[in-house]
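Accompanying notes for the structure given below.
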Amino acid sequence: MVVAGVSLGLWAASDGDGGSTGTEARPSAAAPRGTSPESSPSPSRSYALSKAPQTIPAVRDHEPARGPGWQPESGNRVVVDDAALADEGRLVAGELGLTYAGQKDDRRAGDLRLALGGDKKANPESYVMTVRDGRAEITGPADAGVFYGTRTLKQETHDGGTAPEGVVRDEPAKPQRGFMLDIARKNFTAGWIEDRIRELGDLKFNQLGLHFSDDQGFRIESASHPEIVSQQHLTKAQVRKIIDLAESRHITVVPEIDSPGHLGAVLDAHPDLQLRTGQGSPVQGAIDISKAESAEIVDDLLNEYADLFPGRPWHLGADEYQALVRSDPEASFPQLAAAAREKYGSGATVADLTTGWLNDRAATVREHERTPRAWNDGFFRGGSVQADKDIQVAYWTGKEIGAREPLEYLEAGRKVINYNDEFLYYVLGEPQTFVYPTGQRIYEQWTPRVLRGTTAVPERYNGQILGGSFAVWCDLADSQTQDQVAAGIRMPLRATVQKLWDSDRPELSWAEFRALADRLG
């Protein structure tokens with residue numbers, strides 16, 4: 001399942017300011033006939049009708065034409081029509097070995113032009129790429145779409161390739177295309193994470209989730225509670241560099257501080273807040289939500305990291321609170337039962353108190369204009385307290401006791417993000433029933449509507465499914481090195497984004513798709 005070696009991105013990495021390293025800033029092979037500054041080609045029947053570009057993910061539509069296509073040639077220009085595209089222009093110029101010329105109105109043979117325009121109501125991640133008369137132009141309603149157009153062009157021209165003549169019209173099927181990394185259980189270096197960001201950007205992913213707090217570790221520097229931070233951790237300066245690099249690739253970093261379970265690293269420093277049974281037995285990873293101090297410390301952290309992570313999505317966790325796996329939570333945890341009745345009335349339960357905790361944490365991040373999400377097993381049936389309607393459901397499993405079907409959330413009108421553990425969970429060491437997912441299985445059997453197991457929900461709910469996320473969990477952290485993880489997730493990431501960009505059956509067979517991935521690097 002695991003291939004030796006490490007993928008350092010689809011192609012040689014470029015630094016965050018648009019400079020280039022290694023083979024990325026390379027002059028191409030000889031330019032196609034007619035692309036010198038002195039002449040522009042005129043498409044004629046001497047050229048075969050072009051074929052659609054071969055990229056990952058595949059473009060949605062290509063209008064063929066006759067002509068030589070476009071290749072990057074050293075000395076040719078990247079020009080923009082709006083200063084807002086300067087970052088995209090500098091980046092692609094460095095990657096393709098071209099000259100970034102800034103805003104220009106004139107047109108020269110060999111130019112790559114980036115432009116804002118088109119239908120302002122169109123998907124902001126859409127773009128149109130036109131290759132004609134020895135020039136290439138990428139236009140989108142927003143800079144994100146233009147950036148994705150440059151990713152297509154980068155793949156088309158990889159290793160001396162040619163962008164085919166004609167017009168590409170492209171946009172993603174799903175607005176959220178994510179990769180989630182558990183850095184709490186296993187320490188990943190900042191450099192490794194940055195390499196993944198470059199890889200994700202070239203593949204048109206747009207979210208990177210960081211699960212940085214769990215029983216085994218708390219992995220980001222903290223000013224409000226330095227006592228909880230693990231010895232191996234990321235400094236805030238490193239995280240800011242990660243965020244800046246991600247933003248340059250139009251990737252939002254989504255933080256997760258899981259609560260009220262999975263707080264072992266916090267509780268190691270605050271044992272007085274650990275949940276205990278009525279007989280005094282401690283409950284691993286669970287914080288006592290009947291204590292006001294428990295809410296205070298978690299809110300301290302949420303408020304602190306809201307200043308670090310600028311993106312709107314915020315993952316609150318809420319899964320696997322061990323108080324609720326007991327057959328009679330009220331009898332096992334009388335302090336929780338008493339707190340529930342005091343806050344919500346005589347009939348309130350521990351599940352109500354737990355839902356109230358989730359709503360309170362959602363209110364904390366909402367004050368920072370964040371959009372909360374939580375794992376599906378943090379939502380409970382019935383009860384006097386219901387989870388706030390704006391909390392998005394991160395649906396990962398149907399294997400938990402009492403797990404609710406995806407339709408229950410969809411029928412209630414909730415927005416759902418697909419983390420289906422049957423296909424999208426890469427769990428180190430393969431504990432319990434987990435096996436390392438394969439790109440082929442995702443490519444051939446999974447779609448964003450397959451939220452649980454292998455069965456798709458009805459098409460009418462497709463609009464409520466915001467997208468999906470491939471996830472690396474480090475339950476047995478030493479089972480793989482970080483380089484082995486990079487190699488193991490290489491094809492699953494490519495298969496996942498293909499199905500998030502276009503959920504229809506792919507045109508390429510798996511063997512063809514894999515060969516394309518190998519050719520692109």
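Throughout, residue positions are numbered sequentially from 1 according to the sequence presented. As the structure is a prediction and not an experimental result, all values here were calculated from the model.
Looking only at atom types and distance, the side chain of E221 has no donor-acceptor partner in the side chain of H233 under 3.5 Å away. Side-chain contact check for E422 and T454: no donor-acceptor pair (N or O, by modelled atom type) lies under 3.5 Å. For the residue pair T371/Q392, the side-chain donor-acceptor check at 3.5 Å is not satisfied. Residues N462 and K174 bring a donor and an acceptor atom of their side chains to less than 3.5 Å of each other. S294 and D288 are not linked by any side-chain donor-acceptor pair at a separation below 3.5 angstrom, with hydrogens and angles left out of the test. Checking H250 against E88 by side-chain atom types alone, a donor-acceptor pair falls below 3.5 Å. Side-chain contact check for H315 and D258: no donor-acceptor pair (N or O, by modelled atom type) lies under 3.5 Å. No hydrogens or angles considered: nothing links the side chains of D300 and S224 as a donor-acceptor pair under 3.5 Å. A donor-acceptor pair shorter than 3.5 Å cannot be found between the side chains of T355 and D352.
Residues forming a side chain to side chain donor-acceptor pair (under 3.5 Å) with K204 (at least two apart in sequence, or on another chain): T152.
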Does D170 form a side chain to side chain contact (heavy atoms under 4.5 Å, CB included) with M129? I'd like the steps, not just the answer. CA-CA 8 Å; D170 202 14; M129 180 167 62; over 6 Å; no
Carefully, step by step, assess D390 and R414 under the rule salt bridge (Lys or Arg N to Asp or Glu O under 4.0 Å). CA-CA 8 Å; D390 70 328; R414 290 194 181 274; over 6 Å; no
Test side chain to side chain contact (heavy atoms under 4.5 Å, CB included) applied to V416 and Y461, step by step: CA-CA 10 Å; V416 178; Y461 296 113; over 6 Å; no
Between R177 and Q207, is a side chain to side chain contact (heavy atoms under 4.5 Å, CB included) present by the stated rule, with each step listed? CA-CA 6 Å; R177 304 176 301 281; Q207 289 188 0; over 6 Å; no
Stepwise ring-ring contact (aromatic ring centres under 6.0 Å, His included) check, W473 with Y426: CA-CA 6 Å; W473 293 101; Y426 191 96; over 10 Å; no
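Ring planes of Y305 and F212: perpendicular class, angle over 60° (limits at 30 and 60°).
The ring-ring contact (aromatic ring centres under 6.0 Å, His included) with W375 is formed by just one residue from the set Y409, Y419, Y395; it is Y419. With L451 as the fixed residue, the side chain to side chain contact (heavy atoms under 4.5 Å, CB included) test singles out one of L407, N420, L410, N376: L410.
The environment of K51 atom NZ is sparse: at most 12 non-hydrogen atoms of other residues, nucleotides or ligands sit within 6.0 angstrom. Under a cut-off of 6.0 angstrom, the local environment of NZ in K241 is sparse, with at most 12 non-hydrogen atoms contributed by other residues, nucleotides or ligands.
Side-chain contact between L316 and S259: absent, with no pair of heavy atoms (C-beta onward) separated by less than 4.5 Å. Counting heavy atoms from C-beta on, the side chains of L275 and Q322 never come closer than 4.5 Å. You'll find the side chain of K186 stays beyond 4.5 Å of the side chain of Q216, heavy atoms only.
In this structure, K389 forms no cation-pi arrangement with F379, as its terminal cationic atom is not both closer than 6.0 Å to the ring centre and no more than 45° off the ring axis. Taking the ring centre of W192 as origin, the terminal cationic atom of R196 falls inside the region bounded by 6.0 Å and 45° from the ring axis.
In terms of heavy atoms, P260 sits closest to A318 at CD-CA, 4.3 Å. The two residues L508 and L516 make their nearest non-hydrogen contact at CD1-CD2, 4.0 Å.
Residues D214 and R185 are paired through a salt bridge, judged by an N-O separation under 4.0 Å between the basic side chain and the carboxylate. The pair D388-R361 does not count as a salt bridge, with every side-chain nitrogen at least 4.0 angstrom from each carboxylate oxygen. Look at D202 and R249 and you find no salt bridge, because none of the NZ, NE, NH1 or NH2 atoms lies under 4.0 Å from a carboxylate O.
Listed by first then second residue, pairs satisfying salt bridge (charged side-chain N to carboxylate O under 4.0 Å, His left out) with a partner in residues 371-383 read R381-E408, not counting sequence neighbours. Residue pairs meeting the salt bridge (charged side-chain N to carboxylate O under 4.0 Å, His left out) criterion with at least one partner in residues 453-468, sequence neighbours excluded, are R449-E459.
In this structure, Y148 has its ring center under 6.0 Å from that of W501.
A side-chain donor-acceptor contact under 3.5 Å links D182 to the backbone of C474.
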